[in-house]
Amino acid sequence: MAYLPCGVYHERYRQEHAWWQTRFVRAKMGLLAALLLVFPLTTNPYLVSVANIVGYTILSALGVQLLIGVCGQITLGHAAFIAVGGYATAIGMLQYGLPYPVSLLVGAVLAGLWSVLFGLPSARVKGFYLIMTTMAAQFVTVDFIITQYVSRIGGRGHYFSLPPGTVTIGPWVIDSDLKAYYLMIALVVGSIAALANLLRTRVGRAWVAIRDNDIAAQTMGVNIVRYKLLAFFVAGVLGGIAGAFWISSLYFVSPEHFTLGWSLWLVGVVLIGGIGSLQGVVFGSLFVTLTLEALGFAVSGLRDLFPTLPDKFLYVKEGAFGLAIVFFLLYEPRGLAYRWQQMKNYFNLWPFAY
Amino acid sequence: MDTSGEILLEAVDLHMAFGGVHALRGVSLRIRQGEIFSLIGPNGAGKTVCLNCISGLYRPRSGRIVYAGEDITRLRPHQRAARGIARTFQRIELFGGMTVLDNIRLGRHLHMRSGLLAAAIYAGPSAREEVAHREFIEREIIDLLEITPIRHKIVEMLPYGLQKRVELARALALNPRLILLDEPMAGLNLEEVEDMARFIVDINEEPRWRVNCLLAEHDMGVVMDLSHRVAVLNFGEKIAEGTPAEVQATPEVIQAYLGEAEGLYASRR
């Protein structure tokens with residue numbers, strides 16, 4: 001909980017329900033928006049493509065955060081729903097000639113429904129047992145259905161590539177990282193806003209109630225099976241949006257992008273960012289992606305000293321990621337988002353300690 | 001208060017067993033409209049099991065539960081909540097990570113309408129609904145239970161006595177006709193017990209609420225003062241029922257629960 005400065009008095013409940021309650025905060029958010037819009041114009045294409053990866057990670061991890069952090073349903077198969085979104089969007093455009101926004105919606109809804117299917121066991125099982133069923137989602141969807149069957153549609157081989165200029169929104173052709181960046185910003189901001197709104201209303205409270213105490217939630221009138229499935233649906237939809245965005249920036253889709261490793265990676269992003277916090281998703285995605293890029297530079301810089309290091313980059317990457325999670329669990333188990341709150345409170349209260 | 005009115009809740013011949021332990025053996029209860037009805041009995045007598053059967057967390061092995069003329073024996077807990085049965089728990093079962101206000105707001109869940117899309121957009125009906133319910137909560141519940149200063153606090157951080165009060169607040173937010181209170185006084189100090197007793201009488205008698213209470217409680221002083229009628233359980237069987245005065249005079253009760261007659265008011269617990 002953040003502190004409000006002295007002299008801020010709300011006269012209406014609506015003011016207190018607002019996200020940004022003071023003029024200072026609103027100005028800060030305005031600055032942030034301007035920065036996000038101007039950023040790609042002032043920098044090199046490499047950073048824009050990194051930003052797109054961050055955005056993709058955020059979109060992917062939002063659903064994981066919703067399931068694990070908000071609703072308490074542990075999932076290790078989220079890449080499956082991203083894959084469904086990506087493939088459904090690609091097939092919609094390639095096979096049926098649907099415009100990109102329409103196939104994005106179709107892909108998102110399909111991914112949501114697919115997610116509900118694998119969320120059904122959550123009505124009966126919790127914890128470790130649910131992990132097994134979500135891992136089943138991973139293997140059944142990606143390694144079996146998509147690799148064996150979906151990939152055969154249209155005889156295109158194992159990956160579907162989208163010809164240049166197919167990803168269009170109306171007259172706007174998304175054919176560069178820069179344009180994909182703006183699409184990413186729109187999707188990320190939209191998804192976070194929608195989720196944040198859900199969390200401050202009836203639906204989100206029911207989810208948190210299920211996480212904190214499902215028995216009490218039941219006796220307070222929450223249909224827990226329904227709300228768990230709703231969480232799976234929304235998480236699937238967010239995953240589908242992530243998948244649909246991914247093909248717009250990469251122009252092709254292949255089963256190799258949606259491995260179990262990616263599902264675990266997303267759980268790590270949520271752990272590092274802070275469980276249960278939407279800000280945490282953003283911080284976690286930024287941290288993980290940027291650390292990885294920095295590691296890439298470090299490795300190529302050390303090539304002269306250790307000639308074999310670049311070949312082993314994959315191991316270095318995984319090792320660094322594992323180490324980061326361990327350190328966060330040891331020293332900041334509540335994640336970067338909590339650290340951020342602490343920092344803000346420190347400055348809000350300065351020069352006093354509390 | 002007129003306690004001869006129509007019957008709100010009737011439990012008929014409830015049986016419940018966990019393995020070889022017969023927690024309830026043919027318990028029947030009738031709670032009349034407008035009553036504060038207390039269940040007492042030694043530890044392990046089956047009071048909480050009985051409450052769990054009524055709120056739907058347990059399904060009795062046999063027997064029926066009729067509420068407001070409807071057989072609710074097979075309904076799920078959330079369906080019973082929708083019919084106006086709220087409850088509190090012996091061991092506090094709040095949503096620890098949420099604020100007091102959010103806990104109470106969750107109690108309004110059944111009275112809110114906004115669905116997934118409306119809530120995701122928030123502006124418009126969903127925001128208006130939030131404000132309307134906030135006003136209701138502030139005026140009717142937070143004021144009544146005197147928890148204004150703590151309403152933005154995280155529940156886990158609160159002292160035990162206040163958490164008990166928040167549980168009552170959350171149950172009230174459901175706008176129930178019947179509240180099941182499972183040991184609302186357990187672990188409270190004298191002052192807190194007096195407050196809680198006052199709140200129970202308030203919600204029972206104030207025309208705004210007129211909630212029926214089913215109380216499972218150990219605190220004899222409170223039970224005898226508050227209740228209109230009392231039932232005594234012992235080893236899953238009902239051994240007495242009646243007004244507090246009648247129950248106190250029943251020899252089986254004195255023997256089973258209170259030990260000796262002199263001990264009745266000797267200590268509060």
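Here is how names work: the chains are called A, B, and so on, in the same order as the sequence lines, proteins then strands, and each is numbered from 1. Bear in mind the structure is a predicted one, so any value in this text is a computation, not a measurement. For the numbers below, each heavy atom of this structure counts, side chains included, while hydrogens, waters and symmetry mates do not.
Both the backbone and the side chain of A/R200 come within less than 4.5 Å of a heavy atom of chain B. Contacts between A/A196 and chain B at a heavy-atom distance below 4.5 Å are absent for every atom of the residue. Heavy atoms closer than 4.5 Å to chain A are found in the side chain of B/L174, but not in its backbone. If you measure heavy-atom distances from A/V203 to chain B, the contacts under 4.5 Å come from the side chain alone. If you measure heavy-atom distances from B/L94 to chain A, the contacts under 4.5 Å come from the backbone alone.
Residues A/H78 and A/F118 place their aromatic rings such that the two centres sit no closer than 6.0 Å. A/F81 and A/F233 have their aromatic ring centers separated by at least 6.0 angstrom. Outside the 6.0 Å centre-distance limit, the rings of A/W207 and A/Y227 are not counted as a close aromatic pair.
Of the listed residues (B/G107, B/G97, B/P77), the one with the most heavy-atom contacts under 4.5 Å to chain A is B/P77. Across B/H133, B/R80, B/R105, the residue that shares the most heavy-atom pairs under 4.5 angstrom with chain A is B/R105. With respect to chain B, the highest number of heavy-atom pairs below 4.5 Å among A/V222, A/L199, A/L195, A/V234 belongs to A/V222. Of all the listed residues (B/A119, B/A81, B/A123), the one sharing the greatest number of non-hydrogen pairs under 4.5 Å with chain A is B/A119. Between chain B and the options A/R12, A/R211, A/R14, heavy-atom pairs under 4.5 Å are most frequent for A/R14. With respect to chain A, the highest number of heavy-atom pairs below 4.5 Å among B/A118, B/P176, B/A120 belongs to B/A120. Most heavy-atom pairs under 4.5 Å with chain A: of the set B/E135, B/R108, B/R76, this distinction falls to B/E135.
Once rounded to the nearest 0.5 Å, the distance linking CG of B/L181 with CD of B/Q90 reads 12.5 Å.
The pair B/R165-B/D195 counts as a salt bridge, with a side-chain nitrogen and a carboxylate oxygen less than 4.0 angstrom apart. The pair B/R134-A/E16 meets the salt-bridge criterion, since a charged nitrogen lies less than 4.0 angstrom from a carboxylate oxygen.
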Kindly indicate, with the supporting measurements, whether the criterion side-chain hydrogen bond (donor to acceptor under 3.5 Å, both in side chains) is fulfilled by B/N212 and B/E35. CA-CA 5 Å; B/N212 300 272; B/E35 244 179 2; over 6 Å; no
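With B/F95 as the aromatic partner, B/R170 meets the cation-pi criteria of under 6.0 angstrom to the ring centre and within 45 degrees of the ring axis.
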